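Owing to the predicted nature of the structure, the values given are computational and were not obtained by experimental measurement. Just so we're on the same page: letters track the sequence lines, and every chain starts at 1.
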Amino acid sequence: MKFNLKGKDKKSSARAGEIITDHGKIQTPIFMPVGTAGSVKAVHMKDVKDDVKAQIILGNTYHLYLRPGLKVMEQAGGLHKFNGWDRPILTDSGGYQVYSLSDRRKLDESGVVFQSHIDGSRHNFNPESVMDIQRTIGADIVMAFDECTPYPCDYDYAKNSMEITHRWLDRCITHFNNTEPKYGYSQALFPIVQGSTYRDLRKISAETIASKNAEGNAIGGLSVGEPHEMMYEMTELVCGILPEDKPRYLMGVGTPANLLESISLGVDMFDCVMPTRNGRNGMLFTKNGIINIKNQKWMHDFSPIDEEGTSFVDTQYTKAYLRHMFVAKEMLGAMIASLHNLSFYLWLVAEARNHILKGDFSEWKNMMVKKLVQRL
RNA sequence: GGGGGGAUACCGAAGCGGUCAAACGGGGCAGACUGUAAAUCUGUUGGCUCAGCCUUCGGAGGUUCGAAUCCUCCUCCCCCCA
């Protein structure tokens with residue numbers, strides 16, 4: 001994997017770059033649609049590729065390990081072959097499930113025992129097994145095993161958790177370096193900064209992660225309920241420490257406004273379930289603000305979903321029709337909304353990139369953020 | 001023609017003398033959702049000058065301190081037998 005910087009904004013830390021993987025190039029800043037269980041929910045891969053114009057998508061170690069399981073994954077020849085996505089893939093390590101499934105797992109120095117949300121069976125995840133699983137899934141970018149700490153999180157817990165994550169990182173790096181890719185293309189390992197909302201911990205963590213000289217670095221443990229300002233503060237602090245010549249990935253973020261603000265702080269990569277999950281639940285993101293398509297006010301609105309949108313669904317269908325799909329619980333509604341939102345997210349980051357290269361990112365960002373948060 | 005059952009809020013359906021503006025579903029309306037246990041979850045759903053008051057349980061009377069609940073008549077619906 002390679003990362004080349006292509007340009008920088010003058011008034012902020014925003015930058016435009018290019019990540020080169022064996023499955024193709026990724027132009028940063030980039031948003032990566034989440035495909036937890038091997039699919040971007042409710043969207044055909046064809047549309048993820050041609051309509052959304054996604055350049056890289058996610059998969060999830062915990063979920064894919066439990067279902068379909070490693071045997072199937074290996075027989076398929078890896079996730080790319082299995083789901084038909086021939087561009088880059090990044091897999092999360094299961095570190096988020098340490099947080100989201102905290103009531104059904106036990107964590108200690110050695111790793112985490114999860115009790116499956118599917119059948120209750122117990123499964124041991126540790127830095128070594130998580131590297132092995134991600135080798136088998138075959139993502140281009142694999143994440144270190146970490147604990148995504150909750151918010152709020154007391155200092156002692158955050159410090160101890162961060163230190164465990166750091167020790168796990170060393171084990172991940174060792175095991176990763178002692179193993180080989182299984183399908184003939186290279187994989188990169190990204191470590192993850194933790195430290196909750198404590199500046200001193202974030203600083204220590206960022207310095208620790210930076211010292212590993214990885215091919216890219218991630219910021220975790222944010223967007224878990226803390227105020228936006230706190231998230232930006234931590235992101236800014238960490239971006240100032242992580243190496244400039246490596247991509248920075250802010251995990252789990254976020255709203256369209258979160259993306260633009262974080263890009264201005266120097267983040268290159270994002271992923272979030274928001275465009276798909278909120279889309280399935282009737283929320284549409286547009287350049288002019290947020291639409292709750294289930295609201296009665298759209299009942300008689302026969303204008304296109306988004307006249308300025310880049311997806312074919314934006315002009316193919318009307319607001320009144322899409323609302324009807326949701327009210328009638330037709331699955332096409334979730335499909336249309338997911339596709340629209342993802343297309344919008346990818347348009348947004350592509351536009352951000354254009355403005356960075358053009359040199360007027362900050363002005364554009366400030367203008368956009370005001371519009372993005374409006375309720376239509 | 002004879003016998004039986006039923007009419008409750010937007011719909012379905014509990015309630016069978018006071019604690020009933022009325023359970024529960026559905027529908028409606030609104031909100032939430034940030035490395036996906038989520039096509040999910042939460043709130044709300046008679047009116048108002050709202051810690052109180054007013055109107056409501058097919059219609060009209062009546063019994064009672066008090067009725068969606070008991071009695072009389074009426075209207076409509078369903079089932080069975082001729």
Side-chain angles (χ1 to χ4, degrees), chain A residues 31-43 56-64 66-67 89-105 114-120 130 134 139 141-151 165 190-194 218-228 230-232 235 249-259 261-262 267 269-283 285 290 292-299 323 325-338 341 345 375:
Chain A
F31 178 80
M32 309 180 281
V34 177
T36 304
S39 89
V40 176
K41 293 187 194 297
V43 186
I56 171 173
I57 64 173
L58 260 67
N60 181 275
T61 299
Y62 168 86
H63 289 281
L64 291 169
L66 286 182
R67 210 164 43 189
I89 292 175
L90 178 153
T91 40
D92 183 36
S93 61
Y96 186 73
Q97 279 64 45
V98 176
Y99 156 76
S100 67
L101 301 178
S102 62
D103 55 344
R104 41 194 322 131
R105 55 82 175 158
F114 282 105
Q115 191 159 12
S116 163
H117 67 285
I118 300 165
D119 64 5
V130 165
Q134 292 186 102
I141 298 172
V142 309
M143 301 306 299
F145 192 44
D146 70 329
E147 179 187 9
C148 175
T149 49
Y151 177 84
T165 288
F190 281 25
I192 305 171
V193 174
Q194 287 294 340
I219 306 166
L222 293 176
S223 65
V224 287
E226 77 283 2
H228 285 179
M230 201 171 268
M231 176 171 87
Y232 297 143
T235 300
Y249 165 28
L250 180 55
M251 307 183 78
V253 174
T255 66
N258 288 161
L259 262 56
E261 296 293 2
S262 303
V267 175
M269 304 163 70
F270 301 90
D271 78 283
C272 190
V273 303
M274 197 171 272
T276 44
R277 179 190 287 169
N278 290 30
R280 288 197 301 283
N281 294 326
M283 181 183 279
F285 298 97
I290 296 161
N292 181 348
I293 200 64
K294 291 190 282 193
N295 285 178
Q296 195 175 40
K297 64 197 286 190
W298 310 113
M299 184 185 278
R323 177 180 191 274
M325 290 292 99
F326 273 94
V327 169
K329 298 187 184 352
E330 284 291 321
M331 61 178 84
L332 183 59
M335 296 167 69
I336 292 170
S338 297
N341 280 345
Y345 266 61
R375 298 226 154 222

Next on the checklist: Treating primed atoms plus P, OP1 and OP2 as sugar-phosphate and everything else as base, which nucleotides of nucleotides 33-39 of chain B get B, S or - for protein heavy atoms under 4.0 Å?
Outcome noted: BBBBBBB
State, with a plain yes or no, whether a side-chain heavy atom of [X] is found less than 4.5 Å away from one of [Y].
{"X": "Lys294(A)", "Y": "Met283(A)", "answer": "no"}
{"X": "Met251(A)", "Y": "Asp271(A)", "answer": "yes"}
{"X": "His117(A)", "Y": "Leu66(A)", "answer": "yes"}

Which pairs, protein N/O on one side and nucleotides 41-43 of chain B N/O on the other, fall under 3.5 Å?
none

Checklist entry - How about His63(A) and Tyr96(A): are their ring centroids closer than 6.0 Å? => result no
Item to check | Side-chain (Thr36(A)) to main-chain (Asn60(A)) donor-acceptor, under 3.5 angstrom | outcome: no
Item to check | Short side-chain to backbone donor-acceptor contact, Asn341(A) and Phe285(A), under 3.5 Å | outcome: yes
Item to check | Nucleotide rA30(B), atom C1' - distance to CE of Met299(A) in whole Å | outcome: 14 Å
Item to check | side chain to side chain contact (heavy atoms under 4.5 Å, CB included) assessment of Leu90(A) paired with Met269(A) | outcome: CA-CA 11 Å; Leu90(A) 178 153; Met269(A) 304 163 70; 4.1 Å; yes
What is the pairing partner of [N], taking Watson-Crick or G-U wobble pairs with both distances under 3.5 Å in any strand?
{"N": "rU42(B)", "result": "rA30(B)"}
{"N": "rG61(B)", "result": "rC71(B)"}
{"N": "rA51(B)", "result": "none"}
{"N": "rA9(B)", "result": "none"}

Checklist entry - Using atom P of each nucleotide, how far apart are rU8(B) and rA14(B) to the nearest Å? => result 11 Å
Checklist entry - How far does the P atom of rG18(B) sit from the matching atom of rU69(B), given to the nearest Å? => result 11 Å
Item to check | Partner residues of Arg280(A) under the salt bridge (Lys or Arg N to Asp or Glu O under 4.0 Å) criterion, sequence neighbours left out | outcome: none
Checklist entry - Within the structure shown, what part of the strands sits under 4.0 Å from Arg105(A) by heavy-atom distance: base, sugar-phosphate, or nothing? => result nothing
